[in-house]
Visitor: 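The structure under discussion is supplied below as structure tokens; questions concerning it will follow.
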There are 2 protein chains.
Amino acid sequence: MPHSKREIVLKCARQLFEQDGFHATGIDRILEKSGVAKMTLYNNFGSKDQLIAEVLSRSSHTHIERMKEYILIASSDPYEQILAVFVALGDRFQDPEFCGCMFQAAIAEFPDFDSEPAKAALAHHQRIIEVFFKLCTDANLSNVDQLSRKLALLASGSSCIARQTKTRQPADDALFIAEILLERASISVPTPV
Amino acid sequence: MPHSKREIVLKCARQLFEQDGFHATGIDRILEKSGVAKMTLYNNFGSKDQLIAEVLSRSSHTHIERMKEYILIASSDPYEQILAVFVALGDRFQDPEFCGCMFQAAIAEFPDFDSEPAKAALAHHQRIIEVFFKLCTDANLSNVDQLSRKLALLASGSSCIARQTKTRQPADDALFIAEILLERASISVPTPV
DNA sequence: GAACAAAAAGACAGAACGGTCTATTCTATT
DNA sequence: AATAGAATAGACCGTTCTGTCTTTTTGTTC
């Protein structure tokens with residue numbers, strides 16, 4: 001059942017957490033928005049922290065899946081796919097519903113990295129790096145470790161700025177820089193004959 | 001008087017906000033840590049939000065002042081001073097007291113940009129861009145607007161990653177990228193004879 | 001129609017929240 | 001020594017917080 005109570009709560013909670021933050025969003029507002037009884041929420045998720053962690057985990061997989069679909073449509077060349085990531089980011093930033101990266105907010109609001117929400121958010125960042133790592137490897141670029149880390153830094157930086165500007169400009173800026181990095185990484189180590 | 005109650009409250013509040021976040025830090029914990037009566041706090045700051053805004057505003061000026069001192073000692077060449085910014089960032093990231101950039105956290109926790117805390121945090125980001133802008137101008141670089149924006153993106157990105165890693169690596173990565181950007185910006189528009 | 005589980009509804013707990021108020025004490029300055 | 005302003009302790013307000021509990025309703029399946 002696609003519209004189970006569980007899914008409704010997850011969707012409403014996600015929206016409220018994105019809009020207002022995690023601590024600023026009370027359980028009661030999630031109940032009100034989702035039209036669900038309190039016990040339904042607690043039977044399904046156990047606690048607010050676990051609900052937050054589940055929201056983050058779901059959102060992570062959704063975002064990364066969409067991202068992968070986007071870059072597959074954009075190009076079949078991994079080099080171009082890396083750049084397409086930043087185009088996809090730009091699209092997200094100018095979406096009226098965009099309120100900033102949830103995972104950055106979660107890491108800011110949960111300084112205890114052993115907490116469930118923090119772990120879920122940290123896992124997302126790791127997945128982003130892995131996506132870049134794979135693309136860089138497929139594109140036969142040099143210094144894949146460093147490069148994927150730097151691309152992730154650009155993505156994080158642009159998301160951070162976009163929370164304020166809500167325009168695609170930070171993504172365009174990051175794309176510009178990424179192009180330079182890729183250019184460098186593709187010529188410095190020539191492919192063996 | 002350097003150790004007035006006001007200053008004590010500001011210092012304690014800053015530490016707690018940095019460690020635990022703004023919403024997660026209650027007034028009572030600030031009172032306990034600073035050993036100050038509740039009315040003293042409210043007579044001095046009016047409300048929690050105003051206290052937060054004041055903490056942010058003070059921290060902004062402190063950080064930027066220290067940054068400027070740092071880069072002045074590092075070099076007299078504005079080109080090198082830009083790079084020194086990222087060295088300074090690296091020093092901060094590996095400081096045991098570093099818990100992530102307060103201003104990013106504030107913007108995440110206060111989505112209403114008309115709120116006092118958000119305004120204080122946004123002002124900080126603007127000041128960072130202005131610092132880069134002035135340095136880029138002094139260094140006779142091209143496309144100063146875009147360039148300073150991109151340097152600020154690198155700074156934000158590295159701060160964002162450093163919240164997790166707590167190492168200087170994100171700053172080093174950003175420095176590496178900044179060097180490339182500056183190199184490009186210094187050769188693309190040759191100085192007229 | 002009986003039986004069952006899921007969900008609703010809402011009272012309730014206990015603590016913490018931001019913030020106010022009063023009455024008292026401390027500490028300068030004159 | 002008198003006075004004014006700052007700071008104190010702590011009771012108190014109403015609200016909100018997460019989370020628990022019980023009772024009733026609903027919907028589904030034998």
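Letters A, B, ... mirror the listed sequences (proteins, then strands); counts begin at 1. If you're wondering where the values come from, they're calculated on a predicted model, not measured in any experiment.
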Visitor: Tell me whether A:Arg127 is salt-bridged to A:Glu130, with the criterion being a basic N under 4.0 Å from an acidic carboxylate O.
Guide: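 No, this pair does not count.
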
Visitor: Between atom CD1 in B:Ile8 and atom C1' in D:dT8, what is the gap in whole Å?
Guide: 14 Å

Visitor: Rounded to whole Å, how long is the line connecting atom CG of A:Asp20 with atom P of D:dC17?
Guide: 11 Å

Visitor: Rounded to the nearest angstrom, tell me the gap between atom CZ in B:Phe45 and atom C1' in C:dG18.
Guide: 16 Å

Visitor: Would you mind reading off the distance between B:Lys38 atom NZ and D:dC13 atom C1', rounded to a whole angstrom?
Guide: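 Taking NZ of B:Lys38 and C1' of D:dC13, I get 11 Å after rounding.
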
Visitor: Which nucleotide, C:dT20, D:dA7, C:dA8, lies nearest any side-chain atom of B:Asn44?
Guide: D:dA7

Visitor: Atom CG of B:Leu31 and atom P of C:dG18: how far apart are they, to the nearest Å?
Guide: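 Nearest whole value for this atom pair: 9 Å.
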
Visitor: Can a salt bridge be assigned to the pair B:Glu54 and B:Arg6 using a cut-off of 4.0 Å between side-chain N and carboxylate O?
Guide: yes

Visitor: Just compare C:dC17, D:dT8, C:dA9 and give me whichever is closest to any side-chain atom of B:Thr40.
Guide: D:dT8

Visitor: In plain terms, say whether B:Asp138 and B:Lys134 are close enough for a salt bridge, that is, a side-chain N and a carboxylate O under 4.0 Å apart.
Guide: yes

Visitor: From the list D:dG19, D:dA9, C:dG18, which nucleotide is the closest neighbour of the side chain of B:Lys48?
Guide: C:dG18

Visitor: Measure the distance from NE2 on B:His23 to P on D:dT18 and round it to the nearest whole Å.
Guide: 12 Å

Visitor: Given D:dT8, is OP1 or OP2 found less than 4.0 Å from the side-chain N or O atoms of B:Lys5?
Guide: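 Yes, within the criterion.
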
Visitor: Out of C:dT20, D:dC17, D:dT8, which has the shortest distance to the side chain of A:Asp28?
Guide: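 Comparing C:dT20, D:dC17, D:dT8 against the side chain of A:Asp28, the answer is D:dC17.
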
Visitor: Are the charged groups of B:Lys119 and B:Asp114 less than 4.0 angstrom apart, N to O?
Guide: no

Visitor: Quick one: which of D:dA9, D:dT18, C:dA9 gets closest to the side chain of A:Tyr42?
Guide: D:dT18

Visitor: Give the rounded distance in Å between these two atoms: CZ of A:Arg29 and P of D:dT15.
Guide: 18 Å

Visitor: Name the residue closer to the 5' end of DNA chain D, choosing between A:Met39 and A:Phe22 according to the nucleotide with the nearest heavy atom.
Guide: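 On the 5' side of the pair lies A:Phe22.
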
Visitor: Do B:Lys166 and B:Asp95 meet the salt-bridge criterion of a basic N to acidic O distance under 4.0 Å?
Guide: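 No, no charged N to carboxylate O under 4.0 Å.
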
Visitor: Whole angstroms only, please: what is the CG-P distance between A:Leu51 and D:dC17?
Guide: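 Interatomic distance, CG of A:Leu51 to P of D:dC17: 15 Å.
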
Visitor: NA contact type, B:Gly35, heavy-atom cut-off 4.0 Å: base, sugar-phosphate, or nothing?
Guide: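 Sugar-phosphate: the residue B:Gly35, judged by heavy atoms under 4.0 Å, touches backbone atoms but no base.
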
